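Just below is one structure, and these are the notes that go with it.
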Amino acid sequence: MARTFHLNRAERLNNAVFRMLIRLGVAPGGAALLTVRGRRTGRPRSTPVNPVAYAGETWLVAPYGAVGWVRNVRASGDVALSRGRHVQSYRAVEVTDEQAAPVLRLYLGRIRVARPYFDVTRESSLEAFAAEANRHPVFHLEPTEPA
């Protein structure tokens, strides 16, 4: 049974540290800072994420389910990913379970910290990943301006 994510004090501290490292451009891996307009306040909200490149495109996976940033992305559709001084704007389009399956498999292979939140393993079939996709939204990011 997959673990359920709860944003506690330790996670908030971890996110704050990663936000700072990403803004400095020294965060590990491909971590980036996702900024999206809040669905209720309209103010920009930022959270660390790990976008993945698949088939020459950029994808955003919600490993912890429909958390706050996912609901904000669904409401807004317009997001920005930044790392250091580089900022890229995108239009986020949520994809079907079948489209999400290979992206989820790739994500799970790369992002170890997310594995406990999935009921599948890296070796599971694409059909199993498609069944899991309703618990882990995946967004295709379409650039809206040149990098």
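Just so you know, these numbers come straight off a predicted model, no measurement behind them. Computed from heavy atoms alone, side chains included, the values below leave out hydrogens, waters and symmetry copies.
- Ring geometry for F118 versus Y107: interplanar angle of 30 to 60°, hence tilted.
- The hydrophobic cluster containing V138 also contains V67, counting ILVMFWY residues as joined when their side-chain heavy atoms lie under 4.5 angstrom apart, directly or transitively.
- Rounded to the nearest 0.5 angstrom, T47 OG1 and W69 CH2 are separated by 8.0 Å.
- Nearest heavy atom pair, residue S82 against residue V87, reads CB-CG2, 3.7 Å.
- Ring-plane geometry between W59 and Y54 is classed as perpendicular, the angle between the planes exceeding 60 degrees on a 0 to 90 degree scale with a lower cut at 30.
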As a quick check of understanding, evaluate side chain to side chain contact (heavy atoms under 4.5 Å, CB included) for R9 and L13, giving each step before the final call.
CA-CA 6 Å; R9 185 176 286 168; L13 177 62; 5.8 Å; no

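- Interatomic distance, OG1 of T144 versus CD of Q88, reported as 6.5 Å (0.5 Å rounding).
- When the shell of 6.0 Å around CZ of R37 is examined, it contains 12 or fewer heavy atoms from other residues, nucleotides or ligands.
- Nearest heavy atom pair, residue R39 against residue A75, reads CB-CB, 3.7 Å.
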Derivation of the side chain to side chain contact (heavy atoms under 4.5 Å, CB included) call for L60 and V52
CA-CA 6 Å; L60 195 56; V52 287; over 6 Å; no

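- Looking at heavy atoms from C-beta onward, E57 lies out of side-chain contact with E142 at the 4.5 angstrom threshold.
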For residues 90-98, tabulate all N or O donor-acceptor pairs below 3.5 Å that involve a side-chain atom, not counting sequence neighbours.
residue : atom : partner : partner atom : Å
R91     : NH1  : S76     : O            : 3.1
R91     : NH1  : D78     : OD1          : 3.3
E94     : OE1  : R74     : NE           : 2.9
E94     : OE2  : R74     : NH2          : 2.9
T96     : OG1  : Q99     : N            : 3.2
T96     : OG1  : Q99     : OE1          : 3.1

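- Hydrophobic clustering (side-chain heavy atoms under 4.5 Å, transitive across Ile, Leu, Val, Met, Phe, Trp, Tyr) keeps L81 apart from L21.
- When hydrophobic clusters are built by joining Ile, Leu, Val, Met, Phe, Trp and Tyr residues whose side-chain heavy atoms come closer than 4.5 Å, directly or via intermediates, V113 is grouped together with L108.
- Between F129 and S124, the shortest heavy-atom contact is CE1-O, 3.7 Å.
- Of the inter-residue distances, the one linking E123 atom CD with R105 atom CZ reads 9.0 Å to the nearest 0.5 angstrom.
- Smallest separation of non-hydrogen atoms from A101 and A130: CB-N, 3.7 Å.
- Taking all atoms of both residues into account, the shortest heavy-atom contact from P63 to Y117 is O-CB, 3.6 Å.
- Atom CZ in F139 sits 9.5 Å away from atom CG in L34 (nearest 0.5 Å).
- A single hydrophobic cluster is seen to contain both V17 and L24, as judged by linkage of ILVMFWY side chains at heavy-atom distances under 4.5 Å, directly or through other members.
- Here the CG atom belonging to L141 is positioned 11.0 Å from the OG atom belonging to S89, to the nearest 0.5 angstrom.
- Checked by atom type and distance alone, the side chain of R71 never pairs as donor or acceptor with a backbone atom of G38 at under 3.5 Å.
- The cluster map of Ile, Leu, Val, Met, Phe, Trp and Tyr, joined by side-chain heavy atoms under 4.5 Å apart, puts V49 and I22 in different clusters.
- At least one donor-acceptor pair under 3.5 Å links the side chain of R83 to the backbone N or O of A27.
- Remark: R19 CZ to T35 OG1 distance equals 9.5 Å, nearest 0.5 Å.
- Remark: the R45 side chain and the N72 side chain contain no N/O donor-acceptor pair separated by less than 3.5 Å.
- Annotation for P137 and A66: closest pair CD-N, 4.4 Å, computed over non-hydrogen atoms.
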